[in-house]
Amino acid sequence: MKYNFNEIEAKWQKYWAENQTFKAENNSDKPKYYVLDMFPYPSGAGLHVGHPLGYIASDIYARYKRHQGFNVLHPQGYDSFGLPAEQYAIQTGQHPAITTKDNIATYRRQLDQIGFSFDWSREVRTSDPNYYKWTQWIFIQLFNSWYNNDSDKAEDIGELEKLFAIEGNANVNAVCDDDIKLFTAEEWNKLSTEEQQKILLQYRLTYLAETEVNWCPALGTVLANDEIVNGVSERGGHPVVRKKMTQWSMRISAYAERLLQGLEKIDWTDSLKESQRNWIGKSVGASVTFNVNKHIAKIEVFTTRPDTIFGVSFMTLAPEHDLVAQITTPEQQAEVEAYVEATAKRSERDRMADVKTITGVFTGAYAEHPFTKAPIPIWIGDYVLAGYGTGVVMSVPCGDERDYAFAKHFDLPIPNIFEGIDISEKAFSEKEKTIIANSDFLNGLNYKKATKRAIYELEQIGQGQGKTNYRLRDAVFSRQRYWGEPFPVYYVNGLPQMIATEYLPIELPEVEKYLPTETGEPPLGNATKWAWDIETNKVVDNEKINHTTVFPLELNTMPGWAGSSWYFNRYMDANNPDAIASKEALNYWQDVDLYIGGSEHATGHLLYSRFWQKFLFDKGVVPTDEYAKKLINQGMILGTSAFVYREEGTNTYLSLGLIKDKNVQPIHVKVKYVNASDELDIDGLKADEEFGEDYKDVEFILENGVYKVGRDVEKMSKSKYNVVNPDDIVADYGADSLRLYEMFLGPLEQYKPWNTAGISGVHSFLKKLWKLYVDENGLKVSDVTPTKDSLKTLHKTIKKVQDDIENFSFNTSVSTFMIAVNELTQQKCQSKAILEPLLVLISPYAPHIAEELWSLLGHNTSIATANFPEFNENHLVESSKNYPISFNGKMRFTMELPLDMSKDEIEKTVLANEKTQEQLGGRTPKKVIVVPGKIVNIVG
RNA sequence: GCUGAAGUGGUGGAAUUGGUAGACACGUUGGACUUAAAAUCCAAUGGCCAUUAUGGCCGUGCGGGUUCAAGUCCCGCCUUCAGUACCA
């Protein structure tokens, strides 16, 4: 019998699907285990060999946990809202829903043939109305909540209204907009409903606000900070500008501290936690109020160094700051306006790139030092960012490099407030070594004490207090796109109203064009039927809008991260029509035990989803406030691109060895036309149906009779022609080979290049494995008693593989399998007692061949339900061991010694040995070091 | 600049956490089988020197150190990758 992998794999994939082998039940006597993958965006290009890496790892782990007797939840779905389907729609007119459906079908086919143990009965798609109904529902819950700092959780907005009616807002300790006005209960009760709504909007966890956003004209939409890379859009690399727009925002800042604290109790990688910490950017300091122009205005600043308050010699405002216009003196007005205009013209990117140039201008205004009452000149400088803190710095040139540079440049005074420090050359910013001087009541104090004292004194005069500042900004939640979740929102007099949850979902309307409207409204503005009738509670024709019973609906849609921020909860009870998941299901599954996905989501998805989980926890919807106990970032599989070299301005292409000193242009070619020795298949290339024409008249200059291509390791992408399709690998070598090889390539977390040539190693391992059980006459396995050697091989394999899986070192267990099969082949092992458990060990990695051999062994149930073999140490125990004997650390020879020998006996035996005596040459050793089971070292 | 990760043969990578560095695999070379090729099997494969038994020296980015013993620990550098950046 031959190892016919294609037949075997198709057979078992069908078996698993028909028998629902991997369907998880929402209750069980077994302990639960939840293994989650980051669900994919179904792109039109399909999967390449890099995509399944994490899925294979999680699948191995899920299968292993099943063997160990866990009730395993291992679901999969699709993050199916997104830009590419929409852009395809703009180009071709095809509805994104159709594109998405087709792409999902391709993904599913590709995933199925790799043999994953997913429970497909729980599949989710974020673009499915039955799913986004609950995304809309969560949005409404956020709208109906505010953050109470006293209880440190989200609470019902109705409670806040009651409070306002009883005692006004003076005692309310909420996370809210900065510019809240104080009011009494009496004042509140006198307000109209509309006015009250406007105020409540400043408290809600999702709110409508005029915000400065990252506008990408090319994409016609706003982008979140994490969707911008190096000042251009992550997708497409288009320029991004700042623009003010009315947008929905998420008050994630309310959760900044809890998002930070929560990192302590989850087992995620240090680098990922560190990224999130940096992104949240907590800094502790003080807020200080400076009076300006004899109390005409007040400027609030945030500083981490209140201890340096006496070193302030000027203040700097961001050019965009609201106060600039107000405080500028008439003499300075022209200069200031010119400067503000000039900075506004510079793009964010230019400003970032050009850090060295110091620019700024004096406003003519002076602030008053809170203690010395000395006048402090107020400047504007573009090194101060409007978006951080209050957009103002109290400049302490002696203690801050940037302030120092600014002061030097404009010849401003640099008072020294540090004891024994020379600041004539550069600023001194080492907190720990600081002793304050020339600072009145702070003199002689160190950083810690001076900070405390300064804050105390500021509080005494009512001009400041201790403050913690976070870099984390509220997240803009509106996108001017079609292919996203519609908001369950309509507008009455410009004020947003939620649609009652019983009428959800609000489904996407049909539109003729997927572009913004001529008046610049988002694509939903093209819909003819997109208004809300409060009498029938239905979506109706726009024409019927009368602002008494029929109102316009929100035209924006939600961003990509909306649907992915809670999907892990949906899998627990994916088809529930009445809740995101039933209480029973949520309480049973609790949270994700193992989450595997890419690190590129560190400050996007992985932060937003933690935020939503904490919110849902506050509202009692979910039972845990961190949803993933452990997270592993799989590395990326890179492609090995191939290049041909065209001589500039000609139609001749030079082989790699000939390009020296020539002016050549490297051009990507499809990797499938290059063999393992980097030789180009010229005929194949010229016959390529896509690009063959381009190479028809090309002259290839060979070296030694062949054309050698250049190589480079790059990210796999269609445009680099270095994509390797798993379909081809599966057809040529089988899914089990693909799975083993992806694991064998190297550590899971690491970035590593794909090289198809290497797959022959794992493929021949599978053939050897097959031969161990089966020959031309059929099954070789029998009930013979296993030999000691075979038992040893089996048990050391059990131990190693178990350790490997638990440490996620899947690469080394593949080697372990190879060694085991080689040893057993040499031992001519035919014993069922050895070969049966071996199959269970291999089955998480290579499930198809394991199932086939398992059934040949006479089982009529899936190997997936078999128990993981028990490790028995007794089989590893050897009576003796070959000890390396070294002299002064250098290995000289080996000696066979019994393992149960005591240290003293070993020492005696070794010293008595004639080889030892020979080495010693009559000398007496100083010391003999015996490490039982490992080594004997003689010093002397 | 800061933060995090990492530097081991021609290549991907092992090394039980201080105990025989280079497991396993690719590639390469030689051989067997074959008319031939594929497939399969066997052998060699870190470098240098020596030798026809045996051996010796060097070797885990660089320079020091601790130790009987260092890829692993300590100190000082260098390089690469990733994230982040006028964050007050």
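The chains referred to below are lettered A, B, ... by the order of the sequence lines, with proteins before strands, and numbering in each begins at 1.
Remark: RNA chain B takes part in the stems B:1-7 with B:78-84, B:10-12 with B:24-26, B:27-32 with B:40-45, B:46-49 with B:55-58, B:61-65 with B:73-77, each of 3 or more antiparallel Watson-Crick or G-U pairs, criterion distances under 3.5 Å.
Per the geometry, CD1 belonging to A/Ile280 stands 15 Å off P belonging to B/U84, to the nearest Å. For A/Lys282 and B/U84, the NZ to C1' distance is 20 Å, given to the nearest whole Å. For the pair A/Arg277 CZ and B/G83 C1', the computed distance is 14 Å after rounding to whole Å. Between the CD atom of A/Glu896 and the P atom of B/U20 there is a distance of 17 Å, rounded to whole Å. Residue A/Lys752 contributes atom NZ, which lies 19 Å from atom P of B/C81 at whole-angstrom precision. If you measure from atom CG of A/Leu740 to atom P of B/C24, you get 17 Å, rounded to the nearest angstrom. For the pair A/Asp382 CG and B/A88 C1', the interatomic distance rounds to 15 Å; values are reported in whole Å. For the pair A/Tyr751 OH and B/U80 P, the computed distance is 19 Å after rounding to whole Å.
Residue A/Asp803 is out of contact with every strand shown, counting any heavy-atom pair closer than 4.0 Å. Using a 4.0 Å heavy-atom criterion, one finds that A/Lys768 contacts the sugar-phosphate atoms exclusively. At the heavy-atom level, A/Leu745 lies under 4.0 Å from the strands shown only through sugar-phosphate atoms. Here A/Asp270 lies out of heavy-atom contact (under 4.0 Å) with every strand. Counting any heavy atom pair closer than 4.0 Å across all strands shown, A/Ser760 reaches sugar-phosphate atoms only and no base atom.
Closest contact between the side chain of A/Met818 and the listed nucleotides B/A23, B/A25, B/A88 involves B/A25. The side chain of A/Pro884 lies closest to B/U20, out of B/A39, B/U17, B/U20. The A/Ile935 side chain lies nearest to B/G19 when the options are B/G12, B/C86, B/G19. With B/C87, B/G4, B/A23 as the choices, the nucleotide that has an atom nearest any side-chain atom of A/Tyr388 turns out to be B/C87. Proximity note for A/Thr812 (side chain, C-beta onward) versus B/G19, B/A15, B/A88: the nearest is B/A15. Taking the side chain of A/Pro747 as heavy atoms from C-beta on, and the options B/G19, B/A88, B/G13, the nearest nucleotide is B/G13. Closest to the side chain of A/Ser271, out of B/A23, B/G4, B/C86, is B/G4. For A/Glu274, counting side-chain heavy atoms from C-beta on, the closest listed nucleotide (B/G4, B/A88, B/A25) is B/G4. Side-chain proximity of A/Lys767 to the nucleotides B/C41, B/A88, B/A39 is greatest for B/A39. Across B/A25, B/G4, B/A23, the shortest atom-to-atom separation from the side chain of A/Asn822 is found for B/A25.
Toward the 5′ end of RNA chain B lies the nearest nucleotide of A/Asn755, the other residue of the pair A/Asn755 and A/Gly389 mapping further downstream. Nearest-nucleotide assignment on RNA chain B puts the 5′-proximal partner with A/Val931, out of A/Ser764 and A/Val931.
Remark: side-chain polar atoms of A/Asp736 are paired, donor with acceptor, to backbone N or O of A/Ile849 under 3.5 angstrom. The main-chain N or O of A/Gln826 is never found under 3.5 Å from a side-chain atom of A/Lys828 such that the two would form a donor-acceptor pair.
As rounded to the nearest Å, B/C42 and B/C33 have P atoms that lie 16 Å from one another. For B/U8 and B/U3, the P atoms lie 24 Å apart once the distance is rounded to whole Å. Rounded to the nearest Å, the gap between the P atom of B/C73 and that of B/A5 is 13 Å. Rounded to a whole angstrom, the distance from the P atom of B/G76 to that of B/C81 is 24 Å. Only the C1' atoms considered, B/A70 is 35 Å distant from B/U84, to the nearest whole Å. Distance check on atom C1': B/U40 versus B/C48 gives 36 Å, rounded to whole Å. Using P as the reference atom, B/U11 and B/U60 are 16 Å apart when rounded to the nearest Å. Atom name P, nucleotides B/G46 and B/C26: the rounded distance is 16 Å, in whole Å.
A salt bridge does not link A/Glu425 with A/Lys408: none of the charged nitrogens is closer than 4.0 Å to a carboxylate oxygen.
Checked against a 6.0 Å centroid threshold, the rings of A/Phe5 and A/Tyr3 count as neighbours. Between A/Tyr741 and A/Tyr733, the ring centre distance reaches or exceeds 6.0 Å.
Applying the 90° criterion around 0 to the glycosidic angle, B/U20 comes out anti. The glycosidic torsion of B/G9 lies within 90° of 0, which places this base in the syn conformation.
Residue A/Arg892 places none of its side-chain N or O atoms closer than 4.0 Å to OP1 or OP2 of B/U20. Regarding contacts with the backbone of B/A88, a side-chain N or O of A/Ser283 is found under 4.0 angstrom from either OP1 or OP2. Between A/Lys800 and B/U16 there is no side-chain polar atom (N or O) within less than 4.0 angstrom of OP1 or OP2. The phosphate of B/A85 (OP1 or OP2) has a side-chain N or O of A/Arg471 nearer than 4.0 angstrom. At least one side-chain nitrogen or oxygen of A/Gln750 sits closer than 4.0 Å to the OP1 or OP2 atom of B/G13.
For the pair A/Leu638/A/Met716, no side-chain contact is recorded, criterion being any heavy-atom separation below 4.5 Å from C-beta on.
Between A/Arg610 and A/Leu263, the closest heavy-atom pair is NH1-CD2, 3.3 Å.
No option in A/Phe410, A/Phe290, A/Phe406 other than A/Phe406 meets the ring pair (Phe, Tyr, Trp, His ring centres under 6.0 Å) test with A/Phe314.
Taking the ring axis of A/Tyr470 as reference, the NZ or CZ atom of A/Lys282 does not stay both within 45° of it and closer than 6.0 Å to the ring centre.
Note: A/Leu748 CG to A/Leu53 CG = 5.5 Å, rounded to the nearest 0.5 Å.
No side-chain N or O of A/Asp712 forms a donor-acceptor pair with one of A/Ser641 less than 3.5 Å apart.
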